[in-house]
Amino acid sequence: MLDLRLVTDKLEDVKRRLSLRGPVKDAERLAELGARRRALIRDSESLRHEQKLAGERMKDLLKSDPTGAQTLRLELKEKSARQKQLDDEIKQLETELEELLLFIPNLPHETVPPGTSSEENPVVRAVGQAPAFSFTARPHWDLGTELGILDFERGAKLSGSRFTVLWGAGARLERALIQFMLDLHTREHGYTEVLPPFLVQREAMAGTGQLPKFEEEAFKTTAPEYFLIPTAEVPVTNLHRDEILDGARLPLRYVAYTPCFRREAGAAGRDTRGLTRQHQFDKVELVKFADPRTSYDELERLTADAEDVLRRLGLSYRVVALCGGDLGFSAAKTYDLEVWMPGQGRFVEISSCSNFEDFQARRARIRFRRESSAKPELVHTLNGSGLAVGRTLAAILENYQQADGSVTIPEALRPYTGFERIGK
RNA sequence: GGAGAGAUGGCCGAGAGGCUGAAGGCGCUGGUUUGCUAAACCAGUAUACGUCGAAAGAUGUAUCGGGGGUUCGAAUCCCCCUCUCUCCGCCA
């Protein structure tokens with residue numbers, strides 16, 4: 001959520017910065033309503049002030065002059081009614097303002113490159129060498145099916161398309177990856193592990209920006225209503241909702257493993273094969289709460305922490321900076337990590353690292369105090385996948401495949417899998 | 001699921017229609033005293049939104065779990081909701 005003050009007071013600025021994302025809607029109306037709200041508040045408050053002053057006279061009058069008290073009472077009754085009417089109007093206005101504001105995306109950071117689609121995302125760096133094969137590399141869904149570790153048919157039988165069953169070494173590899181990533185981030189990168197609920201309430205989803213705009217993307221239960229988390233970002237960021245954090249302890253760094261649930265409503269027909277786009281997948285997520293002054297340094301570090309997973313697994317990848325048109329709703333700046341998938345001959349997103357600045361913090365009221373006597377300020381929130389586990393598993397299958405269809409396990413992972421290769 | 005109790009500031013805890021942003025205590029911050037520390041004493045110690053101001057700040061309004069109602073006036077009275085605790089039942 002943007003700062004209403006900023007929108008009303010610096011409308012042109014806001015519009016210019018938003019236009020990097022595409023056409024701007026509603027900003028004008030927002031500024032207008034914001035100005036009207038202020039005027040109404042002024043009127044209501046001065047009326048209320050008069051009432052309070054008169055109220056103090058009332059008590060004396062009640063003793064000394066009953067008739068006068070009666071007159072005053074009638075007068076105040078009318079004033080009170082008028083003021084309540086104003087308050088109703090203000091409330092209505094604020095509801096409308098909130099609704100508009102919740103649908104306006106975050107302002108892109110100055111360094112966000114121009115562009116309208118993912119094709120225009122500049123490559124920031126490329127790391128590692130794509131493996132050279134003496135045979136034609138195959139996609140992970142073929143390899144995994146032949147090895148008997150990925151079972152798409154039975155996934156579909158149980159739950160429909162975009163669900164997969166992992167067997168034996170596949171299940172073990174998934175679990176090994178989760179463990180490996182959590183250990184790396186907690187032991188070497190200074191993150192605190194947290195295991196949050198996988199079902200959250202509407203307000204948590206709104207806090208991080210998934211709602212109200214993207215409700216059709218989420219799975220939810222009814223009576224009682226719960227949302228299945230689309231990413232650990234939701235519960236972990238909301239851990240500190242309505243809190244004032246100690247500035248001396250920033251940045252807070254959390255890492256969480258959770259399954260993630262997504263409708264993929266807008267992705268019909270895309271990535272229908274393999275593990276790339278599932279309704280349910282595992283992810284290890286990095287989340288930070290940072291001082292606004294250093295949040296962009298923290299973004300670089302967080303991205304490096306995610307990259308470290310790929311590097312240790314010996315997977316080649318590139319880092320792209322999302323352009324204005326490709327930037328997510330809540331993000332001010334995002335780097336995507338794309339892993340090379342030799343079996344598909346393309347790069348696939350495996351992590352998305354973003355600085356949300358104060359956008360989520362304002363929605364979720366997450367603040368900090370710089371000094372014990374200072375006024376609370378909004379924190380900056382950041383997060384990034386570290387990494388998407390299913391896609392990592394797929395990348396390992398494709399990058400470490402052998403001519404005979406077996407797959408060797410990256411060195412770093414072997415203590416976790418307990419085996420060095422997966423064969424038939 | 002059944003029965004009961006409760007929710008007040010960073011924390012504990014008074015208050016039972018007006019003068020209560022809210023006694024008292026603890027904590028915290030600053031000061032005095034003081035070889036140092038501690039103790040003692042004094043002062044300060046919420047948030048949001050308005051208005052004025054370049055700013056520091058001044059000032060107004062709101063806020064006693066949330067929402068609604070009664071009233072000239074609600075922390076205080078009434079209604080609804082949420083959460084917490086205790087006991088019973090059930091359950092991984």
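Just so we're on the same page: letters track the sequence lines, and every chain starts at 1. Everything quoted here is computed from the prediction, not taken from an experiment. Values below: all heavy atoms of this structure, side chains included; hydrogens, waters and symmetry mates excluded.
Not one side-chain nitrogen or oxygen of A/Arg48 sits closer than 4.0 Å to the OP1 or OP2 atom of B/G60. Side-chain N/O atoms of A/Arg37 include none lying less than 4.0 angstrom from OP1 or OP2 on B/C49. At the phosphate of B/U61, OP1 or OP2 sits under 4.0 Å from a side-chain N or O atom of A/His49.
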Legend entry - Test side chain to side chain donor-acceptor pair (under 3.5 Å) applied to A/Asp87 and A/Gln83, step by step: CA-CA 6 Å; A/Asp87 282 352; A/Gln83 191 248 332; 2.9 Å; yes

Inset, instruction - For side chain to side chain contact (heavy atoms under 4.5 Å, CB included), just list the numbers for A/Glu411 and A/Arg312, CA-CA rounded to whole Å, side-chain angles, deciding distance to a tenth of an Å, and then say yes or no. - result: CA-CA 8 Å; A/Glu411 203 79 49; A/Arg312 290 179 191 235; over 6 Å; no

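Between A/Asp326 and the options A/Thr334, A/Asn121, A/Thr116, a side-chain hydrogen bond (donor to acceptor under 3.5 Å, both in side chains) holds for only A/Asn121. Remark: of the listed residues A/Gln360, A/Lys288, A/His240, A/Glu357, A/Gln360 is the sole one forming a side-chain hydrogen bond (donor to acceptor under 3.5 Å, both in side chains) with A/Thr381.
The base-pairing partner of B/A16, taking Watson-Crick or G-U wobble contacts with both distances under 3.5 Å, does not exist among the strands shown. Across all strands shown, B/G1 forms a Watson-Crick or G-U wobble pair with B/C88, both key distances being under 3.5 Å. Shown here, B/C28 forms a base pair with B/G44; the pair counts as Watson-Crick or G-U wobble because both key distances fall under 3.5 Å. Base pairing analysis places B/G21 opposite nothing; no Watson-Crick or G-U wobble pair with both distances below 3.5 Å involves it. Remark: B/U59 base-pairs with B/G50; criterion is Watson-Crick or G-U wobble with both hydrogen-bond distances under 3.5 Å. Under the Watson-Crick or G-U wobble criterion, with both distances below 3.5 Å, B/C77 is paired with B/G69. For B/G9, there is no paired base (Watson-Crick or G-U wobble, both distances below 3.5 Å). Base pairing annotation: B/G35 forms no Watson-Crick or G-U wobble pair, as no partner gives both donor-acceptor distances under 3.5 Å.
Comparing B/A7 with B/U45, their P atoms are spaced 27 Å from each other, to the whole Å. Comparing B/G18 with B/G25, their P atoms sit 24 Å apart, to the nearest whole Å. Comparing B/G65 with B/G6, their C1' atoms are spaced 11 Å from each other, to the whole Å. B/A3 and B/U47 have their P atoms separated by 43 Å, with the value rounded to a whole Å. B/G73 sits 15 Å from B/A62 when the C1' atoms are compared, rounded to a whole Å. B/C78 sits 40 Å from B/A58 when the P atoms are compared, rounded to a whole Å. Distance noted for atom C1' between B/U76 and B/A16: 5 Å (whole Å). If you take atom P in B/G21 and the same atom in B/G9, they sit 16 Å apart, rounded to whole Å.
Between A/His189 and A/His185, the angle of the ring planes lies from 30° to 60°, which puts this pair in the tilted group.
Counting to the nearest Å, the C1' atom of B/C83 and the CZ atom of A/Arg241 are 13 Å from each other. Atom pair A/Glu377:CD and B/U47:P shows a separation of 12 Å (rounding to whole Å applied). The distance between atom CG of A/Leu40 and atom P of B/C49, rounded to the nearest whole Å, is 17 Å. Remark: P of B/A62 and CG of A/Leu47 are 12 Å apart, rounded to the nearest angstrom. For A/Leu86 and B/C49, the CG to C1' distance is 16 Å, given to the nearest whole Å. A/Lys375 has its NZ atom 11 Å from the C1' atom of B/C49, to the nearest Å. Residue A/Leu4 contributes atom CG, which lies 13 Å from atom C1' of B/A48 at whole-angstrom precision. In this structure, A/Gln70 places its CD atom 9 Å from P of B/C72, rounding to the nearest Å.
When all heavy atoms are compared, the tightest approach of A/Gln210 to A/Pro230 is CG-CG, 4.0 Å. Scanning both residues, A/Glu349 and A/Arg391, for their nearest heavy atoms gives O-NH1, 2.6 Å.
Residue contacts for A/Arg369: at a heavy-atom cut-off of 4.0 Å it reaches the sugar-phosphate backbone alone, with no base atom in range. Within 4.0 Å of A/Lys52, counting heavy atoms only, lie sugar-phosphate atoms of the nucleic acid but no base atom.
Mapped onto RNA chain B by nearest heavy atom, A/Gln51 and A/Pro376 fall at different nucleotides, with A/Pro376 at the one closer to the 5' end. Nearest-nucleotide positions on RNA chain B place A/Glu94 closer to the 5' end than the other of A/Glu94 and A/Leu72.
Distances from the side chain of A/Lys91 to the nucleotides B/G50, B/G68, B/G73 place B/G68 closest. Considering only side-chain atoms of A/Arg38, the nucleotide from B/G60, B/A48, B/G50 that sits closest is B/G50. Closest to the A/Ser80 side chain, of the nucleotides B/U51, B/G67, B/G73, is B/G73. The side chain of A/Lys84 has B/G73 as its nearest neighbour among B/A48, B/G73, B/C72. Picking from B/C72, B/C49, B/A62 the nucleotide with the shortest atom distance to the side chain of A/Ile41 gives B/C49. Side-chain proximity of A/Arg5 to B/G18, B/U61, B/G50: nearest is B/G50. Listed nucleotides: B/U47, B/C72, B/G50. Nearest to the side chain of A/Arg367: B/U47.
A donor-acceptor contact shorter than 3.5 Å links the side chain of A/Asn106 to the backbone of A/Ser330.
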